[in-house]
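As a basis for the values below, the full set of heavy atoms in this structure was taken, side chains included, without hydrogen atoms, waters or symmetry mates. Order of the sequence lines sets the chain letters (A, B, ...), proteins ahead of strands, with each chain counted from 1. Owing to the predicted nature of the structure, the values given are computational and were not obtained by experimental measurement.
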Amino acid sequence: KQEVTQIPAALSVPEGENLVLNCSFTDSAIYNLQWFRQDPGKGLTSLLLIQSSQREQTSGRLNASLDKSSGRSTLYIAASQPGDSATYLCAVTSGANSKLTFGKGITLSVRP
Amino acid sequence: GAGVSQSPSNKVTEKGKDVELRCDPISGHTALYWYRQSLGQGLEFLIYFQGNSAPDKSGLPSDRFSAERTGGSVSTLTIQRTQQEDSAVYLCASSPRQSFSGNTIYFGEGSWLTVV
């Protein structure tokens, strides 16, 4: 059974800091990995999708890396801003029915 | 174009009553997912529809939960004889094809269910 872990559960940083959010998964036989953002009271917004054959994806200040063999992914946020405050969830697609399994998320707070 | 639409956005119901939650996926999306998010918990997979294939119901927590998808579009999640532990946000998502194809999955804003 695929399990996705995100530690720590919460993180608080000052504005301008570069930061790394970690994600690990137990079954390396994945099709892809996605990072999502969730604002309070809202649904999820996809930030980056990395196919299993890829090593990283970049979008603006965000860079996501994937090491499938070790079951790890990181989301790098450069020059963090208060508007980056949200919960960041990692999810992997695996299994015969391509089920998406989520971690519990990391709640990020960027202090002005 | 419209995103994934869910209704109601908020629902308060009495324990023991039945509730129906509706999801309108993005037009043309063949894959549809239901997830549940309880306070402080991650997203829990409930059910997955892909085109005309038999749905993957492996995540439904009990036989009080059921879902259907009519005409390959709108989906309804029904919870019978609601219990307080059913209180959660129910999120619907759709994707152009199966997620393993690498298509981004789009989420609705959820239906917030409170059972009192």
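- By the 6.0 Å contact criterion, CD on B:E85 is enclosed, its count of non-hydrogen atoms from other residues, nucleotides or ligands being greater than 12.
- The shortest non-hydrogen separation linking A:F36 to B:I105 is CZ-CG2, 3.2 Å.
- Contact of A:Q38 with chain B is made through the side chain alone, with heavy-atom distances under 4.5 Å.
- A donor-acceptor contact shorter than 3.5 Å links the side chain of B:Y35 to the backbone of A:L100.
- Heavy atoms of other residues, nucleotides or ligands lying less than 6.0 angstrom from CZ of A:R55 number 12 at most.
- Hydrophobic clustering places A:L11 together with A:W35 (ILVMFWY residues linked when any side-chain heavy atoms are closer than 4.5 Å, directly or through intermediates).
- Residue contact with chain B, scored on non-hydrogen atoms closer than 4.5 Å, involves the side chain of A:L89 exclusively.
- Residues A:V4 and A:L75 are members of one and the same hydrophobic cluster, defined by side-chain heavy-atom contacts under 4.5 angstrom among Ile, Leu, Val, Met, Phe, Trp and Tyr.
- When hydrophobic clusters are built by joining Ile, Leu, Val, Met, Phe, Trp and Tyr residues whose side-chain heavy atoms come closer than 4.5 Å, directly or via intermediates, A:I50 is grouped together with A:V92.
- Of the atoms belonging to B:S53, not a single heavy atom falls under 4.5 Å from chain A.
- No continuous path of hydrophobic side-chain contacts links A:Y76 to A:L47 [ILVMFWY only; heavy atoms under 4.5 Å].
- Top candidate by heavy-atom pairs under 4.5 Å with chain B, chosen from A:S46, A:A91, A:G41, A:G105, is A:G41.
- Contact of B:Q6 with chain A is not made at all, since no heavy-atom distance falls under 4.5 Å.
- Clustering ILVMFWY residues whenever any of their side-chain heavy atoms sit less than 4.5 angstrom apart, transitively, puts B:L43 in a cluster other than the one holding A:L48.
- Rounding to the nearest 0.5 angstrom, the gap separating the OG1 atom in A:T101 from the CD atom in B:E44 is 11.5 Å.
- In this structure, the separation between OG1 on A:T45 and OH on B:Y106 is 10.5 Å, given to the nearest 0.5 Å.
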